[in-house]
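Reviewing the structure listed below.
This chain uses plain numbering: 1 for the first residue, then up along the sequence. Because the structure is predicted, anything quoted here is derived from the model rather than measured.
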Amino acid sequence: MDGDTLYSIGELARRTGLTVKTIRFYSDRGIVAPTDRSPAGYRLYSIDVVARLDLVRTLRELGLDLPTIRKVVDRELSLPEVAAAHAEALAVQIRVLRLRRAMLTAVAERGSTPEETELMHRLAQLSEDERRRLIGDFLDAVFGGLAAAPAFAGVMRSMTPELPDNPEAEQVQAWVEWAEMSLDPDFRAVVRRMLENQAAEQARSDTMSPRRDIAAAVRDQAGPALTAGIDPASPQADPIVAVFTAHYAHLLGRPDDVELRRMLATRLESVNDPRRERYLQLLAVVNGWPAPESLAPVLDWSVQALRVRTQQ
């Protein structure tokens, strides 16, 4: 196309798909200005106006008002700059559509009530700053007074969701469900108790270095037993239970007796709350991490093994 060629409103309408009335309206408002006029007084426009009109249409479809659109156009962008701004506007539109698709998919799959749908919509539309405030509020509620300890600083980082700038639909769905969980006072209380138990165990330990979480120690011992098909109530399970109860006894600095084993069973039941596992699954999806290993089967085996051996 010849960059020096001028076009009438009718020719612009054919090139852009807009009506003559719409282009004249934008011209009258100064959003797109004529480059020249014909001898008969008709407005003539350069080829740059085609790109500008495409940008105006995109911005209108995104819901921008005319005063805002005029500010964009009044920057007198070159054609490459207009194309870049157009691409940026389209990227925003794509993100909005992804959010809408994710929300509608979640509603369809979950059979949400109108109230749940409204909450999901609000959570999906949160700005980055609003998301960070929500995350910060949750972490403050569950880690308050604990995060200063070196061992817990890393735990807190590992529990922080980071939704990417251009999330996939499943990441948005996971974020919405994570946000719903984080707002649940009962779930906050569950996580807080788990962390307080861990902090108490760390404080009672006879060493200043971070100790392995008891769930990890139990997994390492009970996992192979579960894979091997050992009955948790059988004598073959005795030495396996003895190893992780000895670890817990050393962690707390107290004897490996019936009371300690009851305490450990209660502790593992708390860790085995299905909401904790769901939280970690959602976190992995949002952050793009590998799916976490499920501890439920190992914890179920271990609790059963402990309860059998502490019955009176």
Side-chain angles (χ1 to χ4, degrees), residues 58-69 71-72 84-148 152-192 194-195 273 275-289 291-292:
T58 298
L59 295 175
R60 287 294 288 163
E61 290 172 351
L62 289 171
L64 272 66
D65 56 69
L66 290 178
T68 300
I69 291 174
K71 289 178 182 179
V72 174
H86 196 165
E88 184 177 352
L90 286 174
V92 173
Q93 189 176 41
I94 290 169
R95 181 174 181 273
V96 169
L97 290 174
R98 279 180 172 172
L99 289 171
R100 289 176 182 171
R101 176 181 177 273
M103 185 182 68
L104 290 171
T105 300
V107 169
E109 291 178 350
R110 296 169 57 176
S112 303
T113 66
E115 293 76 16
E116 290 171 334
T117 301
E118 175 61 23
L119 174 61
M120 290 170 60
H121 178 72
R122 292 203 311 270
L123 293 174
Q125 299 294 332
L126 290 179
S127 68
E128 181 177 354
D129 286 343
E130 290 169 330
R131 289 199 306 271
R132 291 192 180 281
R133 283 196 293 272
L134 188 151
I135 294 167
D137 181 63
F138 170 76
L139 295 177
D140 287 344
V142 300
F143 280 96
L146 302 175
F152 284 94
V155 174
M156 187 167 68
R157 284 194 299 271
S158 72
M159 292 181 64
T160 302
E162 293 286 349
L163 190 66
D165 292 336
N166 294 299
E168 298 297 329
E170 59 270 21
Q171 289 178 298
V172 176
Q173 289 176 251
W175 154 255
V176 169
E177 188 177 342
W178 179 93
E180 287 179 304
M181 288 186 69
S182 76
L183 292 170
D184 181 356
D186 186 53
F187 176 68
R188 290 187 176 200
V190 166
V191 177
R192 176 70 185 184
M194 290 182 193
L195 293 171
D273 189 305
R275 290 172 294 182
R276 170 189 174 275
E277 185 160 303
R278 183 58 180 161
Y279 180 98
L280 297 177
Q281 291 170 346
L282 295 171
L283 191 66
V285 174
V286 172
N287 290 357
W289 296 342

Which heavy atom in [X] sits nearest to a heavy atom in [Y], and how many Å separate them?
X: D273; Y: V190; value: OD2-CG1, 3.8 Å
X: P161; Y: W175; value: CG-CZ3, 4.4 Å
X: L283; Y: S158; value: CD2-O, 2.9 Å
X: A284; Y: A291; value: CB-CA, 4.4 Å
X: N287; Y: E162; value: OD1-N, 2.6 Å
X: L139; Y: M159; value: CD2-O, 4.2 Å

Would V155 and F143 count as a side chain to side chain contact (heavy atoms under 4.5 Å, CB included) here? Give the steps. CA-CA 10 Å; V155 174; F143 280 96; 3.8 Å; yes

Would W178 and I135 satisfy side chain to side chain contact (heavy atoms under 4.5 Å, CB included), going step by step from the backbone distance to the final call? CA-CA 10 Å; W178 179 93; I135 294 167; 3.8 Å; yes

Which residue in the set T160, L163, V172 passes side chain to side chain contact (heavy atoms under 4.5 Å, CB included) when paired with V286? L163

Under the salt bridge (charged side-chain N to carboxylate O under 4.0 Å, His left out) test, which residues partner R133, sequence neighbours left out?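 So R133 forms no salt bridge (charged side-chain N to carboxylate O under 4.0 Å, His left out) with any residue.
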
Taking the side chain as C-beta and beyond, is there a heavy-atom pair between L146 and R192 under 4.5 Å? yes

Measure from the side-chain N and O atoms of R275 to the backbone N and O of V191, and report whether any donor-acceptor pair falls under 3.5 Å.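 No, because the side chain of R275 does not come within donor-acceptor range (under 3.5 Å) of the backbone of V191.
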
Could you tell me which residues satisfy side chain to side chain contact (heavy atoms under 4.5 Å, CB included) with R278, sequence neighbours excluded, listed by chain and number?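 In terms of side chain to side chain contact (heavy atoms under 4.5 Å, CB included), with neighbours along the sequence ignored, R278 is linked to E177, M181, Q281, L282.
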
Using side-chain hydrogen bond (donor to acceptor under 3.5 Å, both in side chains) as the criterion, list what pairs up with D137, not counting sequence neighbours.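 Residues passing side-chain hydrogen bond (donor to acceptor under 3.5 Å, both in side chains) with D137: R188.
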
